[in-house]
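Only a predicted model underlies this, so the values are computations on that prediction, with no experimental measurement involved. Just so we're on the same page: letters track the sequence lines, and every chain starts at 1.
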Amino acid sequence: KAGVTQTPRYLIKTRGQQVTLSCSPISGHRSVSWYQQTPGQGLQFLFEYFSETQRNKGNFPGRFSGRQFSNSRSEMNVSTLELGDSALYLCASSLGDRGGSPLHFGNGTRLTVT
Amino acid sequence: GENVEQHPSTLSVQEGDSAVIKCTYSDSASNYFPWYKQELGKRPQLIIDIRSNVGEKKDQRIAVTLNKTAKHFSLHITETQPEDSAVYFCAAYDGNKLVFGAGTILRVKS
C-alpha cells in the first residue's frame, strides 16, 4: 500500500506570495490533517478534512486554508506569506474514527520564506 | 483545549540502558494516546499507542503506561540501541484532534 505523498518536497517563496501544498492520502483513508512543524513550536495542528469537509481547525490565521477533493486528496494554501511561515508542513491521513485513529504522516513540504 | 506537556526535552542514555519519557495531559476526556518517533530528516512514525481503557501496552522493547487519574502517560524503552536515537513525540486525542507534546530528543551513546 502506498504511503502518504506530499508535493513538492521543497519550496522557496518570498514574503507576500502565496503557496499551495498537496497531499495524497493512503488509499481508503478519508481524513487528512495538516500540521506545521517548527523547532520552537513542535507539531502544531492546522486543520483536518474528512469527506471533503473541514472537521476541525487549529489556531492559525485565515491566511491558512485548505480543501479536500472527492478522492480524499487535499491541498493547503497559505496566502500573503510571512517570514514566520517558514516551516515543515506535514500532512497525515487516517481512517478518521471519532475515537481517535493512528495518523500516517507524509515526508512533508519544507517551506522557506525569504 | 487540550494541552500536552512532555519531559525531558533531551535524554542521553548509554546503549543497553532504559529510557523513560513522560507526558501529562489536561483534558480528562482525552481517550487515545499515541507515540511517534521521528528520525532526522524523516517523517514521524507511530511506534505504539494506548487507549484510555487500558493501563499498559507492550511491543517488544517498547511499552507505554497510562494513569488516567493522574492524567499522565509514559514511554519506556528497554535495552536501548543506537538506532533508537531520534525525537519522540507523545500525543493526546481530545475528541477532535491529536495534540502533540513538544518532543524529546533521545541520544543513545554506544
Output field: ring centroids B/Phe100/A/Phe45 closer than 6.0 Å: no
Part of B/Leu46 within contact of chain A (heavy atom distance under 4.5 Å): side chain
Flag if over 12 foreign heavy atoms under 6.0 Å of CG, A/Asn59: no
Residue A/Lys57 excluded, over 12 heavy atoms near NZ under 6.0 Å: yes
CD (B/Gln14) with more than 12 external heavy atoms under 6.0 Å: yes
Over 12 foreign heavy atoms within 6.0 Å of CZ, A/Arg15: no
B/Glu79, CD: over 12 other non-hydrogen atoms inside 6.0 angstrom: no
Non-hydrogen side-chain atoms of A/Asp97 and B/Tyr32 separated by less than 4.5 Å: no
Within 6.0 angstrom of A/Leu83 CG, more than 12 heavy atoms from elsewhere: yes
Heavy-atom proximity to chain A below 4.5 Å, by part of B/Gln38: side chain
Within 6.0 Å of CD1 in A/Ile12, more than 12 heavy atoms from elsewhere: no
Heavy-atom side-chain proximity of B/Gln45 to A/His104 below 4.5 angstrom: no
Side chain to side chain, A/Leu103 and B/Pro34, heavy atoms closer than 4.5 Å: no
Per-residue contact mode, A/Asn56 against chain B (heavy atom under 4.5 angstrom): side chain
Criterion side chain to side chain contact (heavy atoms under 4.5 Å, CB included) on B/Tyr36 and A/Leu43, from CA distance to verdict: CA-CA 11 Å; B/Tyr36 286 82; A/Leu43 285 154; over 6 Å; no
Linked, directly or transitively: B/Val20 and B/Val4 (ILVMFWY side chains, under 4.5 Å): no
Single-linkage hydrophobic cluster A/Tyr35~A/Val32, side-chain heavy atoms < 4.5 angstrom: no
Atom group of A/Gln44 that falls short of 4.5 Å from chain B, counting heavy atoms: neither
Interchain contact, B/Phe89 with chain A, by part (heavy-atom threshold 4.5 Å): side chain
Pick from A/Leu88, A/Asn107, A/Val4 with the largest number of heavy-atom pairs that fall under 4.5 Å of chain B: A/Asn107
Residue A/Leu90 versus chain B: region with a heavy atom under 4.5 Å: side chain
Shared hydrophobic cluster for B/Phe73 and B/Leu11 (ILVMFWY, side-chain gaps under 4.5 Å): yes
Segment of B/Asn96 engaging chain A (4.5 angstrom heavy-atom cut-off): both
Between CZ on residue B/Arg43 and CD on residue A/Gln6, distance to nearest 0.5 Å: 8.5 Å
Pick from A/Ser33, A/Gly3, A/Ser101 with the largest number of heavy-atom pairs that fall under 4.5 Å of chain B: A/Ser101
